[in-house]
> 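So that we are looking at the same thing, I have put the structure below in structure tokens.
In the text below, chain A, chain B and the rest are named by the order of the sequence lines, each starting its count at 1.
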Amino acid sequence: MNSFEIYKILKNHFGEVGSWWPKDGPFEVIIGSILTQQSTWTNVEKALQNLKEANVLTPKDIVSLPLNTLKELIKPSGFFNQKAERIRKVSEYLIEKYNGDLDLLFAKDRKNLRDELLQLKGIGKETADSIILYAAEKNEFVVDAYTKRVYSRLKIVEEEIDYENLKNHIIREIPEELLLYQEFHGLIVLLGKNICKKKNPNCKECPLSSKCKFIK
DNA sequence: CATACATGCTTTCGGTCCAG
DNA sequence: CTGGACCGAAAGCATGTATG
């Protein structure tokens with residue numbers, strides 16, 4: 001079974017995901033992509049809500065905030081000490097290099113943008129790709145723990161496959177289109193979060209169960 | 001040198017598992 | 001059955017040490 005088939009089955013099952021990532025602006029996407037590292041989205045939403053209520057919406061707002069206040073605001077997302085440092089460092093960088101104007105950063109081509117993001121502490125491959133796909137809106141596919149779990153349970157790839165290999169496997173099998181990249185990733189998140197869970201998977205509800213060897 | 005593997009980082013949520 | 005203590009999982013990343 002190839003990735004485009006999986007996409008169609010998931011879309012048929014869940015329907016249109018739409019712009020499921022919060023579109024309150026590209027800077028919020030960057031913050032969100034850091035906050036969501038190793039954390040659930042519901043917790044990240046609380047942290048983002050706190051920032052909004054405190055009127056912290058731009059890189060300049062972040063750096064003018066005492067670090068401890070930032071930590072308090074993002075506490076619900078977990079790992080708040082590290083994440084606060086990372087968010088502040090990234091904000092400082094954006095101000096120094098682009099005067100806080102993200103359009104300048106996103107004007108770069110996809111590869112250069114990715115390399116630049118990866119040099120920032122706290123931004124690894126998945127976070128960089130999320131920023132490119134959802135904030136810069138360029139065709140960079142995102143794979144994550146859900147993707148790896150789903151694909152390895154389907155026996156399409158081995159469990160220990162690394163990030164780039166899984167990503168390359170998938171992009172070879174699907175059309176290179178922004179909306180499809182966003183939609184497919186969103187659908188996999190829905191599947192991984194609600195059905196293909198690590199602990200109590202709901203295989204009976206899974207639209208892919210007939211193709212899956214895992215089945216519990 | 002470079003690649004592999006282990007560890008620290010934190011809160012919230014949803015199970016599991018007995019005691020009452 | 002009910003609740004509450006308890007446990008592991010949840011959209012990763014950087015750093016340090018071991019291994020070849």
Side-chain angles (χ1 to χ4, degrees), chain A residues 10 14 17-24 26-51 67-91 93 114-137 140-153 157-167 170-171 181-205 214 216:
Chain A
L10 292 180
F14 289 109
V17 183
S19 59
W20 62 287
W21 191 289
K23 282 301 304 177
D24 261 10
F27 187 60
E28 185 184 334
V29 177
I30 294 177
I31 302 294
S33 70
I34 293 173
L35 291 179
T36 197
Q37 290 167 5
Q38 194 66 14
S39 306
T40 58
W41 188 250
T42 48
N43 291 346
V44 173
E45 280 183 315
K46 290 174 190 168
L48 287 175
Q49 187 59 33
N50 288 344
L51 290 172
L67 192 56
N68 283 329
T69 309
L70 180 58
K71 289 180 180 178
E72 283 303 316
L73 292 173
I74 67 168
K75 191 166 273 188
S77 75
F79 299 96
F80 56 87
N81 283 306
Q82 311 188 46
K83 286 176 182 177
E85 305 270 4
R86 290 171 179 183
I87 288 169
R88 189 203 258 285
K89 276 264 165 53
V90 169
S91 299
Y93 176 84
R114 189 171 198 258
D115 290 342
E116 186 166 340
L117 289 171
L118 287 174
Q119 290 189 331
L120 299 174
K121 242 179 218 176
I123 298 187
K125 289 171 181 176
E126 186 185 333
T127 306
D129 289 345
S130 294
I131 292 170
I132 298 170
L133 183 63
Y134 292 105
E137 304 193 278
E140 192 77 69
F141 195 72
V142 178
V143 299
D144 51 31
Y146 293 147
T147 319
K148 194 183 283 193
R149 188 164 66 232
V150 170
Y151 271 71
S152 67
R153 283 180 176 173
V157 302
E158 63 272 38
E159 210 177 336
E160 317 77 36
I161 190 168
D162 65 45
Y163 188 93
E164 300 291 350
N165 281 319
L166 178 56
K167 177 174 168 177
I170 294 176
I171 62 181
Y181 276 20
Q182 295 181 340
E183 189 84 1
F184 192 20
H185 178 232
L187 289 165
I188 290 173
V189 170
L190 280 179
L191 182 71
K193 192 159 64 173
N194 303 310
I195 296 175
C196 196
K197 296 183 290 182
K198 184 162 193 174
K199 227 183 154 174
N200 301 301
N202 300 322
C203 297
K204 296 196 172 37
E205 302 172 31
F214 185 70
K216 211 188 127 191

> Taking only N and O in the side chain of A:Arg149, is any of them less than 4.0 Å away from OP1 or OP2 of C:dA10?
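Indeed, a polar side-chain atom of A:Arg149 lies that close.
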> Under a cut-off of 3.5 Å for both distances of each Watson-Crick or G-U pair, what dot-bracket string does DNA chain B give, using [ ] for crossing pairs and | for inter-strand pairs?
|||||||||.||||||||||
> Can you tell me how far NE2 of A:His185 sits from CG of A:Leu190, rounded to the nearest 0.5 angstrom?
10.5 Å
> What's the separation between atom CZ in A:Phe14 and atom CG in A:Asn194, rounded to the nearest 0.5 Å?
6.0 Å
> To the nearest 0.5 Å, how far apart are OG1 in A:Thr127 and CG in A:Leu118?
9.0 Å
> Counting primed atoms plus P, OP1 and OP2 as sugar-phosphate and everything else as base, spell out the protein contacts along nucleotides 12-20 of chain C at 4.0 Å heavy-atom distance: B, S or - for each nucleotide, 5' to 3'.
BBSS-----
> Between A:Asn81 and A:Lys197, just flag the one whose closest nucleotide in DNA chain B comes earlier from the 5' side.
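Nearest-nucleotide comparison on DNA chain B picks A:Asn81.
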> Taking A:Lys167 as the fixed residue, which of A:Lys125, A:Glu140, A:Glu126 is the one that meets the side chain to side chain contact (heavy atoms under 4.5 Å, CB included) rule?
A:Glu140
> How long is the gap from CD1 on A:Ile30 to OG on A:Ser91, to the nearest 0.5 Å?
8.5 Å
> For A:Glu159, does the CD atom have more than 12 heavy-atom neighbours from other residues, nucleotides or ligands under 6.0 Å away?
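Check fails, neighbour count at 12 or below.
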> Kindly check if the number of other-residue, nucleotide or ligand heavy atoms within 6.0 Å of NZ (A:Lys71) is above 12?
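More than 12 within 6.0 Å, yes.
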> Please work out whether the ring planes of A:Tyr181 and A:Phe141 are parallel, tilted or perpendicular, with thresholds of 30° and 60°.
perpendicular
> Please tell me if the side chains of A:Ile170 and A:Tyr151 come closer than 4.5 Å, counting only heavy atoms from C-beta onward.
yes
> How many whole angstroms separate atom NZ of A:Lys46 from atom P of C:dA10?
17 Å
> Where does the chain A footprint on DNA chain B start and end, counting 5' to 3' with a 4.0 Å heavy-atom cut-off?
B:dC9 to B:dT16
> Any ion pair linking A:Glu85 and A:Arg88 (charged N to carboxylate O, less than 4.0 Å)?
no
